[in-house]
Amino acid sequence: MPVFLHDTMSREKRPLLPKPGRDVYGMYCCGPTVYGPAHIGNFRTFTVQDVLRRTLEVAGLKVKHVRNITDVDDKTIRGAQASGQTLGDFTKKWADKFHADCRALGLLAPHVEPSAVEHIPQQVAMIKALVDRGHAYVAKDGSVYFKVCTCADYGKLNHIDFSKLETQSENSAGEANDADEYERESASDFALWKSRKPEDGANFWPSPWGEGRPGWHIECSAMSLAHLGATFDLHGGGIDLCFPHHENEIAQSECATGVKGFAAHWFHSAHLMVEGEKMSKSKGNLYTLDELVAKGFSPMEVRYTLISGHYRSSLNFTMKGVDDSRSALAKLERGADRLLAAAGFSRAEFAAPVAQEVQTSWGRFAKAWEVLQDDLNIPGCLGQVFTVLAEKDEPTAEQARQDVSGLAKILFALGLQLFAAKAEVAIPADVAELGARRWAAKQSKDFAAADQLRKDLAALGWTMLDRKDGYDLKKS
RNA sequence: GGCGCGGUAGCCAAGUGGUAAGGCCGGGCUCUGCAAAAGCCCCAUGCGUCGGUUCAAUUCCGACCCGCGCCUCCA
């Protein structure tokens, strides 16, 4: 059974399969603009895309995942100039940070990660094709605009009828749009090439229309064409990109190549709220991964939280939610441990599984897998996983091996790495000393002293957990 | 105004035309010198409101109330 996913364009749930005659499933995801640290809202989208890719791979598809780096636009240029760095140095710094965060969150690296600056010739070529075909025009200042009215089905992704909106010249707030782009023939037209301005500094490139830089939308069209071809299988991004960015991509690509059917499937993920409010700079609730780690959360706990809601519903990210995820993840680890014990596997075998003969089996997790394949229902899948882990009947070793195979694949698809090395908290010498003394007191049944030592430890912020054969010291 | 999403227990969150998964919290029990941890058990006659269709609706239809998103460069 193939993976099914809701498609924004058709508004239907459709199977994800490579185009006939192709054996690789090509997906293009709009990547980050590298002008600062990505926030958890960005990562919700990238994480959900990562789960989709992993799920497709577990389902047996060969996937080519392309995710660009936007390293030339207003924000990156402004940021570079403000920091006194070259655009390249500035964007490299933030791209590196992005990659570090991605690794921490367990995101698989895309197979291709094209840079917009490195694809300027391709963008220029595409703009030239659009001009040649009459879909774009050159303004007096050398900027080039896409002529929306030449694209009959413009608006098809968003189901907007632009033939009736052509005279629109202001946005919903009643403000005139983009005063500096007054040379556009229509308010719906958008920039393909922006002529060189003094504030761009050294960041301009040659083109048939003079020096300048590409508009934002054209980069994704050019890079997807370069790496996946004129048509490919799936295009993803945050829901905010649906309009106008993705609509514009369709128009540019289909008009430039003359081939309809740019992306066969559109995958949009809903936004994140933080503590019940929309994320925004002014509210100061744009959390970065670093900030959450500083609060004591692990990246895996953050990942669990980000995928714990269905991707098409907005998710309210709260600190309590990450706390809940910590408990849930711990429960998952305990369940997995029990299963491993029953199967006679070690944790290492679980992480790099799985006995050959059970590679294809799902054990009792077949249902969880089925649920995941149905529109990437991660919450439903997790619910099913917990249901199985709570089942009372002890599996036989053979059944447990099958279960381990199934669970390992599901956790791989979700990108949840269990038993991840937790940051080792160094135990101060005085705490270790108190612990040792308490253990000794307990062994000699001097409970009064043991209790006092427990209190002493608590005063230092430590908790002692007794086991049958020893004890652990934990920071409380 | 246009396009779209959602309202399910204290919190989070799946799902279904036949009577509500799961996680967190909470309560109980077992275990335990104590404290934890862990395991087990319990925890919505109810799914925004009002109508309709149906043998049967939380699930379909209609209306309404409430919340939210996008509508030109924000994942």
Which nucleotide, if any, forms a Watson-Crick or G-U wobble pair with B/rA57, using both distances under 3.5 Å?
none
Between the base of B/rC34 and the side chain of A/D466, is there any donor-acceptor pair under 3.5 Å?
yes
Can you identify which nucleotide, out of B/rA36, B/rU72, B/rA75, has its nearest atom closest to the A/L465 side chain?
B/rA36
Take atom CG of A/N68 and atom C1' of B/rC73, then tell me their distance rounded to the nearest Å.
14 Å
With the side chain of A/R454 defined as its heavy atoms from C-beta on, choose the nearest nucleotide among B/rA21, B/rG33, B/rC34.
B/rC34
Would you tabulate the nitrogen or oxygen pairs shorter than 3.5 Å linking the protein to nucleotides 4-10 of chain B?
unit_1	atom_1	unit_2	atom_2	d
B/rG4	OP1	A/R11	NH1	2.2
B/rG4	OP1	A/R11	NH2	3.3

Mind checking A/G237 for me? I need base, sugar-phosphate or nothing, with any heavy atom below 4.0 Å counting as a touch.
sugar-phosphate
Inter-residue atom distance A/S186.OG - A/Y137.OH, 0.5 Å rounding:
7.0 Å
When you get a sec, tell me which of B/rC73, B/rA13, B/rA75 is the closest nucleotide to the side chain of A/W216?
B/rC73
Name the pairing partner of B/rA21, where a pair is Watson-Crick or G-U wobble with both distances under 3.5 Å, or state none.
none
Does A/K75 qualify as a cation-pi partner of A/Y35, given the criterion of NZ or CZ under 6.0 Å from the six-membered ring centre and within 45 degrees of its axis?
yes
State the pairing partner of B/rA9; accept Watson-Crick or G-U wobble contacts with both distances under 3.5 Å, and report none otherwise.
none
Compare the minimum distances between each of B/rG23, B/rA75, B/rA13 and the side chain of A/F386, then state the nucleotide with the smallest one.
B/rG23
With a non-hydrogen cut-off below 4.0 angstrom, is A/K474 in contact with a base, only sugar-phosphate, or nothing?
nothing
Gap between atoms CD1 and P, on A/I160 and B/rC3 respectively (whole Å):
9 Å
From the set B/rA75, B/rU72, B/rG33, return the single nucleotide nearest to any side-chain atom of A/R438.
B/rG33
Judged by each residue's nearest nucleotide on RNA chain B, which is more toward the 5′ side, A/S325 or A/L272?
A/S325
Expressed in angstrom and rounded to an integer, what is the separation of A/D375 atom CG from B/rG15 atom P?
8 Å
Record whether the side chain of A/R44 comes under 3.5 Å of the base of B/rA75 through a donor-acceptor pair of N or O atoms.
no
Which nucleotide sits closest to the side chain of A/D324: B/rC11, B/rU72, B/rG22?
B/rC11
Side chain of A/T387: nearest nucleotide among B/rC71, B/rG33, B/rG22?
B/rG22
Looking at the base of B/rG2, is there any donor atom on it, or on the side chain of A/D161, that sits under 3.5 Å from an acceptor on the other one?
no
Does OP1 or OP2 of B/rA38 have a side-chain N or O of A/R467 closer than 4.0 Å?
no
Are A/C242 and A/E247 close enough that some pair of their side-chain heavy atoms sits under 4.5 Å apart?
no
Do A/R467 and A/D469 meet the salt-bridge criterion of a basic N to acidic O distance under 4.0 Å?
yes
Residue pairs meeting ring-ring contact (aromatic ring centres under 6.0 Å, His included), one or both in residues 436-464 of chain A, sequence neighbours left out, come to A/W439-A/Y471
Under a 3.5 Å limit for both distances, which nucleotide forms a Watson-Crick or G-U wobble pair with B/rG69, could you say?
B/rC3
Should A/K392 be listed as having a side-chain N or O under 4.0 Å from OP1 or OP2 of B/rC41?
yes
What does A/M273 touch in the nucleic acid at a heavy-atom separation under 4.0 angstrom: a base, only the sugar-phosphate, or nothing?
nothing
Scan A/D451 against the nucleic acid and name what it touches under 4.0 Å (heavy atoms): base, sugar-phosphate only, or nothing.
base
Just compare B/rG33, B/rA36, B/rA75 and give me whichever is closest to any side-chain atom of A/N42.
B/rA75
Does a side-chain N or O from A/K367 land closer than 4.0 Å to OP1 or OP2 of B/rA21, or not?
no
Considering only B/rA75, B/rU72, B/rA13, which nucleotide approaches the side chain of A/H271 most closely?
B/rA75
A/N377 side chain N/O closer than 4.0 Å to the phosphate oxygens (OP1, OP2) of B/rG15?
yes
How far, in whole Å, is B/rA21 from B/rC47 if one measures between their C1' atoms?
14 Å
Please give the nucleotide sitting opposite B/rC50 as a Watson-Crick or G-U wobble pair, both distances under 3.5 Å, or none.
B/rG62
Output yes when at least one side-chain N/O atom of A/K75 is less than 4.0 Å from OP1 or OP2 of B/rC74, else no.
yes
What is the pairing partner of B/rU30, taking Watson-Crick or G-U wobble pairs with both distances under 3.5 Å in any strand?
B/rA38
